[in-house]
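Remarks on the structure that follows.
Letters A, B, ... are given to chains in the order of the sequence lines, protein chains preceding strands, and every chain is numbered from 1.
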There are 2 protein chains.
Amino acid sequence: MTKPQAKTKTKIQERNSRAILEAGLDVFSAQGFRGATLDQIAEAAGLSKPNLLYYFPSKDAIYLALLEQQLQTWLYPLRAMDPLGDPLAEVMAYVRRKLELSRDFPRESRLFANEILQGAPRLMPEIEGALKRLVEEKSAILTRWMSEGRIARMSPVHLIFAIWAMTQHYADFDVQVRAVLGPGHDPFAEAGSFLEQLFRKLLAP
Amino acid sequence: MTKPQAKTKTKIQERNSRAILEAGLDVFSAQGFRGATLDQIAEAAGLSKPNLLYYFPSKDAIYLALLEQQLQTWLYPLRAMDPLGDPLAEVMAYVRRKLELSRDFPRESRLFANEILQGAPRLMPEIEGALKRLVEEKSAILTRWMSEGRIARMSPVHLIFAIWAMTQHYADFDVQVRAVLGPGHDPFAEAGSFLEQLFRKLLAP
DNA sequence: ATTTATCTTGACCGATTGGTCAGGTCGGGC
DNA sequence: GCCCGACCTGACCAATCGGTCAAGATAAAT
């Protein structure tokens, strides 16, 4: 009777919802929220606009569903940093995983970049809440490792910022990176060994 | 008889063109090209929309004028890197100047970030031309310094990318940086000493 | 086979978009 | 005072925006 619910989805609901989110990711990540249009998303999803609005009540709902859906994936690598592991190995693994995310999910990276660039109007609660707590938790671990002399002493939060900045740069500014490098380069492979070198040197006590 | 030309501007032309570009910078940097509207720009400039279009023929023209106007300022710090100077001091000075640009001109930084995020449709010629040549020129200098053993050996282009990524991060993702740091922090001051430490250690031969 | 809930669409709506235009106002030179 | 070009505006336009709706097509359950 009512609009499709999350529970007990039919095959068609499953397929079309997925197609809409996939199309929305394409369009929102490339144009930002305001720049994207329902017509673009509908066409990319292979649906008519009214049919698209049969599955999601509004443009806003699609966008919010995308942000929510991708946030956990995006934070996972930092969550995975193990307080019991070897400090250098843990940080390097984080850098590597974050760069892999940039390489394999550049649209998701640009989706967040667009949102934050425009003041994070819809993501601010998550940033001030879950993200801030996660950074504080991992900062405490980094600080402990530093005071134990296992990695060099520095601001742990700005270390995390540096990892974010440099890995996401290769996703968000991909066209600039490729244009400046010119043909015959593999940006992500080169970035991998460059960042390996950079952080290994930086973290050495 | 014709529309106002660049040459022999009247006082009013001077004042209104400036107000439009200032307002356009505000709106375009906050909303991106597609998200910005002429009404928003006109209101921010204190002009009516038809009057705004008396000074610039189109939305596109305002946007292009802004990109062009700011590009030189944005590239200047890299241009200023002196091949005859002390390698470490020159690179550190570049980092410092780039961070100052992020601090003092965050709107300009976000304007470019928005443009490149969306595939640099209007800036690609400049990126492939002037910017690429500039990076190649400075990369050659960095490479020479490295082979002379004056700074550590690494990919010079990715070193430049790292400087861009980390300094612009503090402008483009300002709201995230402040939200995660919480109150009682001066992001740019902290970033200054963090980046000083990072690059000094990285560049040490 | 018929009912019933799910799925899909063309036509449409008011609001907003970038942009036009005819005509009005203003200020400085004569 | 008058004139002329620079400056400014209300009214308007076609296109596009996010979203609605009634009715038709399709599939699933009985």
Side-chain angles (χ1 to χ4, degrees), chain A residues 1-28 30-67 114 118 121-122, chain B residues 1-28 30-67 114 118 121-122:
Chain A
M1 194 69 201
T2 56
K3 292 288 177 68
Q5 302 297 319
K7 52 186 173 183
T8 69
K9 278 195 175 184
T10 69
K11 287 271 171 62
I12 296 180
Q13 276 172 43
E14 180 69 28
R15 173 168 49 85
N16 284 350
S17 302
R18 206 192 300 274
I20 291 169
L21 289 176
E22 174 71 18
L25 182 55
D26 255 11
V27 176
F28 282 126
Q31 315 259 25
F33 178 77
R34 293 216 46 187
T37 73
L38 287 180
D39 297 83
Q40 289 175 316
I41 298 172
E43 191 191 334
L47 299 174
S48 67
K49 187 166 63 167
N51 200 15
L52 182 149
L53 287 163
Y54 171 75
Y55 291 98
F56 287 86
S58 67
K59 180 184 179 182
D60 231 275
I62 304 174
Y63 187 67
L64 287 174
L66 274 172
L67 285 182
N114 263 306
Q118 277 146 43
R122 300 147 212 271
Chain B
M1 194 65 202
T2 57
K3 294 290 178 67
Q5 301 297 322
K7 53 187 173 184
T8 68
K9 279 195 176 186
T10 69
K11 287 271 170 64
I12 296 181
Q13 275 171 43
E14 179 70 28
R15 174 167 50 86
N16 284 349
S17 302
R18 205 190 302 271
I20 291 169
L21 289 175
E22 174 71 17
L25 183 55
D26 256 10
V27 177
F28 282 125
Q31 317 257 26
F33 178 77
R34 294 218 44 189
T37 72
L38 287 179
D39 297 85
Q40 290 175 316
I41 299 172
E43 191 191 334
L47 299 173
S48 69
K49 188 166 65 170
N51 198 17
L52 182 149
L53 288 163
Y54 172 74
Y55 291 98
F56 287 85
S58 67
K59 182 184 178 182
D60 232 275
I62 304 173
Y63 187 66
L64 287 174
L66 273 172
L67 285 182
N114 262 306
Q118 277 147 43
R122 302 147 209 273

Carboxylate-amine/guanidinium contact A/Arg18 A/Glu14, below 4.0 Å: yes
[atom1] of [X] to [atom2] of [Y]: how many Å apart, nearest 0.5 Å?
X	Y	atom1	atom2	result
A/Asn16	A/Phe56	CG	CZ	10.0 Å
A/Leu21	A/Ile41	CG	CD1	10.0 Å
A/Ser58	A/Tyr63	OG	OH	13.0 Å
A/Lys59	A/Leu52	NZ	CG	11.5 Å

Between [atom2] on [N] and [atom1] on [X], what's the gap in Å once rounded to a whole number?
X	N	atom1	atom2	answer
A/Arg34	D/dC17	CZ	P	12 Å
A/Leu52	D/dC21	CG	P	17 Å
B/Leu38	D/dT16	CG	C1'	15 Å
A/Ile12	C/dT8	CD1	C1'	10 Å
A/Gln40	D/dA15	CD	P	18 Å
A/Arg15	D/dA27	CZ	P	10 Å
A/Gln31	D/dT16	CD	C1'	14 Å
A/Leu53	C/dC7	CG	P	15 Å

A/Phe33 six-ring centre to A/Arg122 NZ/CZ under 6.0 Å and within 45° of normal: yes
At less than 4.0 Å, is any side-chain N or O atom of [X] found next to OP1 or OP2 of [N]? Yes or no.
X	N	result
B/Asn16	D/dA6	no
B/Ser48	D/dT9	yes
B/Tyr54	D/dC8	no
B/Gln13	D/dC7	yes
B/Asn51	D/dC7	no

Side chain of [X], heavy atoms from C-beta onward: which of [options] has the nearest atom to it?
X	options	answer
A/Asp39	D/dG18, C/dT8, C/dT17	D/dG18
B/Tyr55	C/dT20, D/dC8, C/dC7	D/dC8
A/Pro50	C/dT8, C/dA11, C/dG18	C/dA11
B/Thr37	C/dC21, C/dT17, C/dT8	C/dT17

Proximity to DNA chain C (any heavy atom under 4.0 Å), residues of residues 58-67 of chain B only: B/Ser58, B/Lys59
More than 12 heavy atoms of other groups within 6.0 Å of B/Gln40 CD: yes
Sugar-phosphate, base or nothing in reach of A/Ala42, heavy atoms under 4.0 Å: nothing
Trace of the side-chain contact (heavy atoms from CB on, under 4.5 Å) decision for A/Tyr55 with A/Ile12: CA-CA 10 Å; A/Tyr55 291 98; A/Ile12 296 180; 3.5 Å; yes
